[in-house]
Number of protein chains: 2
Amino acid sequence: MTQRCLIVVPTLSTKQIAKKQVDRNLMKFEAVTIKDIAKELGLSTSTVSRALRDSYEISAETKKLVLECAERLQYRPNPIALSLKEKRSRSIGVIVCEIANSFFSQAINGIESVAYTQGYNVIITQSHESFDREVTDLDFLASRSVDGLIISVSSETQDFEHIKKFHNRGLPIVLFDRINEDIATHKVTVNNFKAAFEATMHLINGGMRRIACIVNPSHLSITKERIAGYKQALADSGIDYSDSLIKYCTKGGINGAEVEVAVNELLDLNPRPEAIFGLSDKLTVGAFKTLQSRKIKVPDEIAVIGFSNSELTELLSPSLTVIRQPAFQMGEIATQRLISLIESKRPSHDFIKEVLDTELIVRQSSVKPLGRVKSSGV
Amino acid sequence: MTQRCLIVVPTLSTKQIAKKQVDRNLMKFEAVTIKDIAKELGLSTSTVSRALRDSYEISAETKKLVLECAERLQYRPNPIALSLKEKRSRSIGVIVCEIANSFFSQAINGIESVAYTQGYNVIITQSHESFDREVTDLDFLASRSVDGLIISVSSETQDFEHIKKFHNRGLPIVLFDRINEDIATHKVTVNNFKAAFEATMHLINGGMRRIACIVNPSHLSITKERIAGYKQALADSGIDYSDSLIKYCTKGGINGAEVEVAVNELLDLNPRPEAIFGLSDKLTVGAFKTLQSRKIKVPDEIAVIGFSNSELTELLSPSLTVIRQPAFQMGEIATQRLISLIESKRPSHDFIKEVLDTELIVRQSSVKPLGRVKSSGV
DNA sequence: TTTAGGGTCGGGAACGATTGCGTAAAAAAA
DNA sequence: TTTTTTTACGCAATCGTTCCCGACCCTAAA
């Protein structure tokens, strides 16, 4: 339809027409360029370009002509040519461990919403909790010339050199959730210490003392902070800490088997723990699932509490007490920071570490029927 | 580190050095180009390019030299320049209504896994069940010159002209889940008729006759097919169909309020329906949630069954009987088809509509404790 | 009448990579 | 030794767009 206009234009040589025709037959998506407008109107590409950008050196009539023609031909500027010229792609890369995880899908929602309004593409990759895959993803995204990166590292990631490498080269990067203090850039996280502290206190106030944790690898920032909050709550309540109550899942519970093993080990303990605290979404749900399949009564035999952003936790039986993170908001903030980093003329040196508050939602799974409930949580 | 090599090269003019220096200070990510290698080695860019592509017209020594230099300078080809030249971006766009929906996040997982291995980027956008947003997304993606598109339309989409427009222009498109028969291209879907038929039969076999449905807008392909399956099951069982038992949710249950209203209307019916059939993920979960909050006993007072890909449905109380779609596989197939479309030399005219089977997972919510259970489902 | 200057526009280089074509030097054949 | 062939490389155009640098015409001041 729009292309047909081009064919009737006398200034198009037969050769050119033939070329467009062939492309048409091959059904390849051939976009209208600034050249087509120029030929249609007998102008130069520079004039057309300037007219479209509303430059002062183009007369009003010419502008009108060009604009009208662009509209008629359905001209769309080619972002790839722009990218090549401006050395930016207006796209940002995201690396998370998994999309099919409520926390991350909500965070991505936040990322996407901000990126969209600012005219940026979002390219999402998943590390699947694998360090190697994370490195590959990073190379991939950097080589696809994204303008910046939002990263939550995999559970296997101990070494951050692969990220530092690009960061040192000047690629804007924002870290969220699982962060690293050594990299000087914006970070977005929650108050993991406080969240874990409050959750643990909630259990302790409910009369429990043997509180087990199922956690991600110890080298992750979130693990350290959450464990610290847990320990602080124990210490404040005069409860001894025991290593035997902490079970690590190296793959972050991405496969259920790992969590199952951890839960079973905890159940074999003598005396059994009175509660299980899941230190991340997958771990909480995984632990709950294992307890259900083993017909362990929650919270009677063992209470459950944990981090989770799934919307279904309140419908579980018993309904699950969770720590909910402002995932969407985290994604929004991370993206705003990243874009400001990308668009700033000169490198900034004061970086913000945004620490958001979590929400403890107390439901059935953490309240023993006979327990003395002194507090309802927050 | 790598850039420093450039500075010591004598063939670089002072002006060029100054330029790189400034960029360095501005901390802008300046990539190594083929030119840098050429200057470093005193070769032409064409020779370097050919050496890197292992052309036969380049001597073995030169190749070795270039390869070594490229490695040392950490040269990465600029995909944007490639895209401009080859008129392809090696990226595919995805439009779904929502990422934070198990079905779609799993489908995206499938899409991403195939795209990744084939060297394609995935750019994800969400329509949030809005037709306008879908049109905007489409324009956005097309203007970002994606090589192809994978689309599941929004619940508001009745008119497919916006998609046809790009399809007719030759942009490869694959439809999945919510499809349209008028567009001649590959499609990936499930046997919705059979899925709904089986689910309905399962309820009927359990002794229920007044089976209500909560559904997406009637113009969607999946709605039509599922309703047809439902009606067929009723007809085969000699049960009269009643319009009053079908409740439409125009926004596909993206906000819970809509579903709540629908469920409440069903509960006000006299006599009350014996079962509620949720015809999509959000609707099933939303209906269940509403029933829970209203303290309606499931399945005793009312049974629940529905489409859902959430992994938590088995942990609900009662555990939820669901129809599970092979979402990951659907994403994989759609992407394979799309890439073959993109990479085919000439336009194909025989398109495949892939229809996959669903899985009915019978659990507690659909089985009345006193009902005569004749069949366990499939 | 000449010239300075503003208003409009075109030419051409650039962004990074590929590629057809031309060509020097080296090797092979005469 | 001369001619032909092969080897190995450079030049320049190309993709779509922007932008610097002229260049033209017309008007107004000198």
| field | Nucleotide dG16(D), atom C1' - distance to NZ of Lys39(A) in whole Å | value | 12 Å

| Just to confirm, is there a sub-4.0 Å distance from OP1 or OP2 of dC9(D) to any side-chain nitrogen or oxygen of Tyr56(B)? | no

| query | Rounded to the Å, how far apart are Lys64(A) NZ and dT8(C) P? | reply | 15 Å

| query | Closer than 4.0 Å, any side-chain N/O of Lys63(A) to the OP1 or OP2 of dT8(C)? | reply | no

| Looking for any heavy atom pair under 4.0 Å, which part of the strands does Arg88(A) touch: base, sugar-phosphate only, or nothing? | nothing

| said: What's Leu84(A) touching, base or sugar-phosphate or nothing? Going by heavy atoms closer than 4.0 Å. | reply: base

| said: Using whole Å, what does the distance between atom P of nucleotide dT17(D) and atom CZ of Arg90(A) come to? | reply: 16 Å

| task | List in chain and number order the residues that pass ring-ring contact (aromatic ring centres under 6.0 Å, His included) with Phe140(A), two or more places apart in sequence or in another chain; answer none if no residue qualifies. | result | Tyr116(B)

| task | Indicate whether any N or O donor in one side chain lies under 3.5 Å from an N or O acceptor in the other, for Glu98(A) and His128(A). | result | no

| message | Quick test of your reading: applying salt bridge (Lys or Arg N to Asp or Glu O under 4.0 Å), list the pairs with at least one residue in residues 331-341 of chain A, sequence neighbours left out, ordered by first then second residue. | response | Arg337(A)-Glu354(A)

| task | To the nearest Å, give me how far apart CG (Leu52(B)) and P (dC9(D)) are. | result | 13 Å

| Pair Glu112(B) + Arg133(A): basic N to acidic O under 4.0 Å | yes

| query | Rounded to whole angstrom units, what separation is found between the CG atom of Asp36(A) and the P atom of dG16(D)? | reply | 8 Å

| request: May I ask you to evaluate whether Lys85(B) reaches the phosphate of dC15(C), defined as a side-chain N or O under 4.0 Å from OP1 or OP2? | output: no

| request: Treat primed atoms plus P, OP1 and OP2 as sugar-phosphate and everything else as base, then score nucleotides 21-26 of chain C 5' to 3': B for base contact with protein heavy atoms under 4.0 Å, S for sugar-phosphate contact only, - for none. | output: ------

| said: Taking side chain to side chain contact (heavy atoms under 4.5 Å, CB included) as the definition, give me every residue that meets it alongside Leu67(A), ordered by chain and number, with sequence neighbours left out. | reply: Leu52(A)

| said: Once salt bridge (Lys or Arg N to Asp or Glu O under 4.0 Å) is applied, what residue pairs with a partner in residues 55-69 of chain B remain, sequence neighbours excluded? | reply: Arg50(B)-Glu57(B), Asp54(B)-Lys63(B), Glu68(B)-Arg72(B)

| said: Side-chain N or O of Ser49(A) versus OP1/OP2 of dC19(D): is the shortest distance under 4.0 Å? | reply: no

| request: Report the distance from atom CG of Asn78(B) to atom P of dA14(C), rounded to the nearest whole Å. | output: 18 Å

| request: Name the closest nucleotide to the Thr45(B) side chain, picking from dT18(C), dC15(C), dC19(D). | output: dT18(C)

| query | At under 4.0 Å between heavy atoms, what does Thr62(A) touch on the DNA or RNA strands: base, sugar-phosphate, or nothing? | reply | sugar-phosphate

| message | Please enumerate all residues that pass side chain to side chain donor-acceptor pair (under 3.5 Å) together with Thr45(B), with sequence neighbours excluded. | response | none

| query | Should Ser46(B) be listed as having a side-chain N or O under 4.0 Å from OP1 or OP2 of dC11(D)? | reply | no

| said: Tell me the interatomic distance from Leu41(B), atom CG, to dA8(D), atom C1', rounded to whole angstroms. | reply: 15 Å

| said: By nearest atom, which of the nucleotides dG16(D), dC9(D), dG16(C) is closest to the Lys35(B) side chain? | reply: dG16(C)

| query | Is it the case that Thr157(B) and Ser154(B) place a side-chain donor and acceptor less than 3.5 Å from each other? | reply | yes

| said: Categorize Ile80(B) for me: base, sugar-phosphate, or nothing, with a 4.0 angstrom heavy-atom threshold over every strand shown. | reply: nothing

| query | When the distance from CZ of Arg76(B) to C1' of dA17(C) is rounded to whole Å, what number comes out? | reply | 16 Å

| Toward the 5' end of DNA chain D, which comes first, Glu86(B) or Leu43(B), by nearest nucleotide? | Leu43(B)

